[in-house]
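Scroll down for the structure; my scribbles are underneath it.
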Number of protein chains: 2
Amino acid sequence: MSTVRLTETSYIVMGLLEACEPATPYDLKQVAKLSTMHFWHVPHTQLYTESARLAEAGLLSETREHEGRRRRVYRLTDEGRAALARWRADPTSKLGELRDGATLKLFFGADPVRLAHAQLQMHRELLAEYETILAELGESPIGWRRALTLGIAHERQFVAFWQALADGQVDAELAASAAAHPTVDATA
Amino acid sequence: MSTVRLTETSYIVMGLLEACEPATPYDLKQVAKLSTMHFWHVPHTQLYTESARLAEAGLLSETREHEGRRRRVYRLTDEGRAALARWRADPTSKLGELRDGATLKLFFGADPVRLAHAQLQMHRELLAEYETILAELGESPIGWRRALTLGIAHERQFVAFWQALADGQVDAELAASAAAHPTVDATA
DNA sequence: CTCCTAATAGTTCGGAACGAACGGTGCGAG
DNA sequence: CTCGCACCGTTCGTTCCGAACTATTAGGAG
């Protein structure tokens with residue numbers, strides 16, 4: 001019983017745990033590295049503290065070794081499983097934010113061409129990496145592959161955008177649409 | 001002189017301040033509402049604490065009213081202006097993360113069709129809103145419009161993805177590519 | 001078997017982010 | 001004047017984050 005606030009971090013812990021129960025936070029970290037961390041990084045220290053927090057709230061059960069590393073091994077409780085199922089069944093969720101540093105610089109007037117070239121390289125690399133992972137993902141849970149497909153689509157979008165920006169197409173379109181819909185008179 | 005850590009929040013404060021100097025944190029909040037908050041929300045309390053922090057570090061100057069609301073009015077110092085310019089001139093930056101709750105649910109096996117329908121509606125609304133804003137943005141700084149263009153491209157991508165997922169196209173493609181590149185034998 | 005080293009596993013800590021809630025201030029309507 | 005509401009600013013408790021640190025285990029050389 002508990003009135004802890006469940007955050008996205010909580011569901012990541014529970015979701016990963018569901019996939020590889022029983023597990024130590026360290027195990028979760030290994031799994032996360034292969035999967036979620038690509039679009040939602042959780043620092044490993046949080047996996048430890050969050051697991052402990054959830055156990056305290058009764059959503060996980062914790063057993064601890066008495067010797068050696070004194071590892072804490074976690075399992076989902078029925079309550080935890082129910083909370084996870086409830087979250088997953090609710091199709092609404094707050095929209096995410098991009099929070100991309102380069103976009104911020106662009107917003108604040110950075111040189112678009114220089115920025116675009118640097119970003120193009122990084123996004124192309126990431127895109128290639130995602131595509132490799134997807135190819136290797138074979139028989140992994142379908143959810144993983146669907147999510148990765150979305151990640152790939154986004155990376156493609158990034159590449160297309162920065163490319164268009166580098167080529168001056170973005171500015172051209174902005175100029176054209178500003179001319180087409182003048183909010184202040186453009187010719188005076 | 002200062003060894004404060006400058007975070008993205010710091011640059012948001014300085015960047016906004018550059019655009020409407022001098023300003024109180026409340027003024028910044030108003031401007032943010034029209035601009036950055038669409039892709040990088042900063043809670044208003046942070047604008048107050050971050051402004052104070054930056055002033056302490058010598059990047060902003062602070063003058064305070066002695067009566068009434070005792071508002072703190074900020075300006076960029078030369079040092080602050082230089083820090084902002086330096087940040088803006090550096091074309092590299094860590095890649096952002098999506099951190100979208102719906103993607104997380106998808107990852108963890110939520111029903112894709114139900115999820116897609118809910119998400120489609122939200123993203124379509126947001127897309128329409130962005131397009132309205134862009135049309136109204138007329139003579140605003142070019143950086144704002146470029147960044148918004150990227151935001152629109154991403155929203156279009158979201159709409160396209162959730163639509164394809166709802167239609168079963170995503171799963172069909174995944175099945176096709178899994179058959180084309182079997183990592184474990186698929187027919188045995 | 002013992003010592004050294006590298007990889008593995010877990011924790012601590014301080015600063016930054018977050019958002020709910022609260023407390024003053026100013027102003028216009030009654 | 002005084003009530004109410006929008007405006008403006010702050011406090012607080014929790015969560016997030018990552019650098020740095022400690023401790024355990026495995027493997028190899030002597």
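In what follows, every chain begins at residue 1, and chains take the letters A, B, ... in the order their sequences are listed.
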Interatomic distance where [atom1] belongs to [X] and [atom2] belongs to [N] [whole Å]:
| X | N | atom1 | atom2 | value |
| --- | --- | --- | --- | --- |
| A:H41 | D:dG18 | NE2 | P | 5 Å |
| B:I12 | C:dA17 | CD1 | P | 9 Å |
| B:Y48 | C:dC22 | OH | C1' | 14 Å |
| A:R5 | C:dG19 | CZ | P | 8 Å |
| B:W40 | C:dA17 | CH2 | P | 10 Å |
| A:K29 | C:dT11 | NZ | C1' | 13 Å |
| A:L47 | D:dC16 | CG | C1' | 12 Å |
| B:E65 | D:dT10 | CD | P | 11 Å |

Options C:dA17, C:dC18, D:dG18, nucleotide nearest the side-chain atoms of B:P43: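 For the B:P43 side chain, the nearest candidate turns out to be C:dC18.
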
Return the nearest nucleotide to the side chain of B:R99; candidates are D:dC16, D:dC17, D:dG9.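 Ranking D:dC16, D:dC17, D:dG9 by closest atom to the B:R99 side chain puts D:dC17 first.
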
Please tell me if [X] has a side-chain N or O lying less than 4.0 Å from either OP1 or OP2 of [N].
| X | N | answer |
| --- | --- | --- |
| B:R72 | D:dG9 | no |
| A:R53 | D:dT15 | yes |
| B:Y26 | D:dG9 | no |

Would you mind classifying the nucleic acid contact of [X] as base, sugar-phosphate or nothing, using non-hydrogen atoms under 4.0 angstrom?
| X | answer |
| --- | --- |
| B:T9 | sugar-phosphate |
| A:T45 | base |
| A:T24 | sugar-phosphate |

Starting from the 5' end of DNA chain D, give me the residue, B:H44 or B:K94, whose nearest nucleotide shows up first.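 Closer to the 5' end of DNA chain D: B:H44.
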
Salt-bridge contact [X]-[Y] (side-chain N to carboxylate O under 4.0 Å):
| X | Y | result |
| --- | --- | --- |
| B:E65 | B:R70 | no |
| B:E173 | A:R146 | no |
| A:R81 | A:E21 | yes |

Relative to the ring of B:H38, is the ring of B:Y130 parallel (under 30°), tilted (30 to 60°) or perpendicular (over 60°)?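 The arrangement is perpendicular - the two ring planes meet at more than 60°.
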
Angle between ring planes, B:H154 versus A:F158, binned at 30° and 60°: parallel, tilted or perpendicular?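 B:H154 and A:F158: perpendicular rings.
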
